[in-house]
Amino acid sequence: MGVGVFFERENINTLNMSNEMVFTMLAAFAQAESESISENVRWGKRHSMKQGKVPFQYKRILGYERGEDEKPMIVPEQAAAVKLVYAYYLSGYSIRQIKDRLEADDIPSASGKPVWSEGSLHYMLRNEKYVGDALLQKNYVVDCISKQVRKNQGEIAQFYIENNHPAIISRDVFQYVQEEIARRGAKRRISDKALTEKGKYSGKYALSELLTCGECGARYKRVTWARGGKKKIVWRCLSRLENGTKYFKASPTLDESRLHDAILRALNGVLEVRDDILDGLDDTLQTITGECGNGYDRIAAQQEVQKIEKLAGGLLELSKENSMADDFFEGRLAELYDRRAQLLREMDEAEQDMARSRARAAQLQRLMASMRAAPAQLDEYNDAVTRELLESVKVINTDNLVVVLKGGIEI
C-alpha cells in the first residue's frame, strides 16, 4: 500500500527492499526469543505446581479471602451462601431456580453484585476447591503467538493437590452433587420398553423428575387440556403422549388435583409415624457408617504395592547382569506385576464402595433432617417437601401409586 514502517532500534525501513532479508531474520529471532521466554515462564509455573503451590483467584471464588499467611481463609457469610447453593441443588432445584432464589434473597455473588449468572453457579457446583482441594492446569495456552486458551483434555499434565486449604463443602456432599449433575445431564431411555428418552432435566415441577410410568418407565409430563372452553391440568406418560396408545395402552392420564391429594395423603401418613421411621433410618445409618471401609486394610495394601515395586526394581537390575536367566526373571516379574494390578483393583473397588456408602449415609442424613424439619401435618401439596422427602412416584394405574421415600420406604 506504499506505507513504510521504520524500526528505530534495528534501523530498518520496510520500504527499503535491500533490508527484507535482515528484516525476516530479525523477526524470526524475535519470535524465537518470545517463545523462549514463554517456555521459561511455563516451566516455572509447572515447577511451582509440582511443589504444591496453588494460585487462587479470589475474585471468582465465593467463600474465601486471602489470609494473613497468604493462604485462603473462609469467609463465614459467603460460605453460608455456598452451602445454600449446594443444598438447593440437592433438593432438586434447577440452576435457574437457584439463581432466582439467591437474587430474591439479596445474596451477593462472588463479584459482590446482586445478579448471579447461571455459569457462575455451574462453576461453583463443579469446583473442587470447595472441598479443600485444587486441580491445576485445567486449561492451557496453545502458544505465545496466538495466545489461544484451550481446555486441557490430557494434552499436558495436571496436578491434583488434596487438603490444600480449609473446606466449605464435605467430600460426600460434593461427590453426591457431581453424581446429580451427571444424572441430570444424561439423556437416555429409562427402560428397553420405553420409546421416549428422558430428555433434559426440569426443575419447574418436582413431579417432572419423580413421576414415572409403571408400564414403560418413562417420565410423566404436565399437560394442559382445553376442552369446552375450560382448562384442566393433567399428567401424561411421555411415551404414550408421543407414540399413542398403540404401544402403551395401560399408561393412565392423571388429574393433577387427584395426584397431589394422593401424594399429600402419603406424606401425611409418613409424618404421623415419623418417629418410628427416624428410628429405623438411624439404625440403617449406624449400620452403613459402621460398614464403611470395614474389613479392608488400605494401608497394608499400599505397603504391599510398594514392596512389590521395590522388589520388581531389584529384579530388573539383576536381569541386566544375568542374561542367561531371562526366563526366570520374566516369569517372576510377570507374577509381581499381576499381583500389583490385583491390589490396585481391590483398592479402587474398596474406594468406590466407601464412596457409595458415604453418599448413601449423606442422603439418609439429609432425609432425616428434612423429616425433622417438616410440619406435623401438611395442609396442601408442597413441591419443596416433595423434593426433600421423595425418591420417586410410580404410576400403577388410575387409582394406585407407589410413593418411595429417599430412604427406600415404599407407600
Side-chain angles (χ1 to χ4, degrees), residues 63 76-107 121 124-125 130 167-177 179-180 183-184 203-211 259-289 357-393 401-411:
E77 300 82 7
Q78 296 181 5
V82 174
K83 292 178 180 178
L84 192 61
V85 170
Y86 274 74
Y88 280 151
Y89 194 79
L90 289 177
S91 296
Y93 287 91
S94 67
I95 296 295
R96 179 69 187 184
Q97 289 173 322
I98 296 174
K99 166 182 161 66
D100 293 341
R101 287 292 298 267
L102 294 173
E103 291 176 356
D105 294 338
D106 295 325
I107 298 176
L121 290 171
M124 180 182 293
L125 290 170
Y130 287 114
I168 293 176
I169 302 297
S170 71
R171 294 186 184 276
D172 296 338
V173 171
F174 185 79
Q175 180 61 32
Y176 197 65
V177 165
E179 293 173 2
E180 178 66 8
R183 186 189 72 81
R184 294 188 188 186
K204 189 173 183 180
Y205 305 103
L207 293 177
S208 296
E209 283 295 304
L210 303 178
L211 193 63
L259 176 62
H260 284 178
D261 288 343
I263 294 174
L264 182 62
R265 288 197 302 273
L267 289 173
N268 279 331
V270 168
L271 295 176
E272 286 179 3
V273 293
R274 82 172 83 192
D275 291 339
D276 294 334
I277 293 177
L278 285 171
D279 288 341
L281 292 176
D282 188 59
D283 292 340
T284 303
L285 180 61
Q286 296 301 325
T287 302
I288 293 173
T289 304
S357 295
R358 289 194 296 265
R360 173 71 171 156
Q363 184 186 46
L364 287 179
Q365 288 173 338
R366 286 193 300 275
L367 174 63
M368 293 168 70
S370 298
M371 290 188 68
R372 292 189 180 103
Q377 284 287 107
L378 297 171
D379 296 327
E380 58 183 12
Y381 172 83
N382 187 299
D383 254 357
V385 176
T386 299
R387 281 194 180 95
E388 290 285 341
L389 299 183
L390 298 191
E391 179 72 33
S392 65
V393 181
L401 305 174
V402 176
V403 177
V404 184
L405 291 181
K406 285 187 176 176
I409 300 172
E410 291 188 358
I411 306 161

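In this chain, residues are counted from 1 in sequence order. Here the structure is a predicted model, which means the values were calculated and not measured.
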### Message
Measuring from atom CD1 of I107 to atom CD of Q78, what distance do you get when rounded to the nearest 0.5 angstrom?
### Response
11.5 Å

### Message
Show the nearest heavy-atom pair for residues L401 and A262, with the distance to one decimal.
### Response
CD1-CB, 3.9 Å

### Message
Would you say that I95 contacts L125 through its side chain, given a criterion of any heavy-atom pair below 4.5 Å between the two side chains?
### Response
yes

### Any side-chain heavy-atom pair of I409 and V270 under 4.5 Å
no

### Results of side chain to side chain contact (heavy atoms under 4.5 Å, CB included) for Q365 - residues two or more places apart only
L285

## Note on the structure
Residue set satisfying ring pair (Phe, Tyr, Trp, His ring centres under 6.0 Å) with Y86, at least two apart, ordered chain then number -> none

### Message
List the residues meeting side chain to side chain donor-acceptor pair (under 3.5 Å) with R274, not counting sequence neighbours, and say none if there are none.
### Response
none

### Query
Roughly how far apart are L264 CG and N382 CG, rounded to 0.5 Å?
9.5 Å

### Query
Roughly how far, to the nearest 0.5 Å, is the CZ atom of R101 from the CG atom of L84?
7.5 Å

### Task
Go through the structure and list residues passing side chain to side chain contact (heavy atoms under 4.5 Å, CB included) with D282, not counting sequence neighbours.
Q286, M368

Compile the donor-acceptor pairs under 3.5 Å between side chains in residues 370-380 and protein atoms, sequence neighbours left out, one pair per line.
from, atom 1, to, atom 2, distance (Å)
S370, OG, R366, O, 2.9
S370, OG, E388, OE1, 2.6

### Message
Are the side chains of V177 and I169 in contact, using a 4.5 Å heavy-atom criterion?
### Response
no

## Note on the structure
So OH of Y93 and CG of D383: to nearest 0.5 Å the spacing works out to 8.5 Å

### Query
Can you pull the salt bridge (charged side-chain N to carboxylate O under 4.0 Å, His left out) pairs that have at least one residue in residues 91-100, sequence neighbours excluded?
R96-D100, R96-E118, K99-E103

### Contacts of Q175 that satisfy side chain to side chain contact (heavy atoms under 4.5 Å, CB included) - sequence neighbours left out
E179

### With sequence neighbours excluded, residues passing ring pair (Phe, Tyr, Trp, His ring centres under 6.0 Å) with Y381
H260

### Task
Kindly indicate whether the side chain of L390, heavy atoms from C-beta on, has any atom under 4.5 Å from the side chain of L405.
yes

#### Entry: Gap between atom CD1 of I263 and atom CG of L389 - 0.5 Å precision
11.5 Å

### Summary
D172 meets the side chain to side chain donor-acceptor pair (under 3.5 Å) criterion, sequence neighbours left out, with R358

### Q97 side, atom CD; Y89 side, atom OH - distance, nearest 0.5 Å
11.5 Å

### Message
Run the side chain to side chain donor-acceptor pair (under 3.5 Å) test against N268 and tell me which residues pass, sequence neighbours left out.
### Response
none

### Query
A79: what forms a side chain to side chain contact (heavy atoms under 4.5 Å, CB included) with it, not counting sequence neighbours?
I74, I168

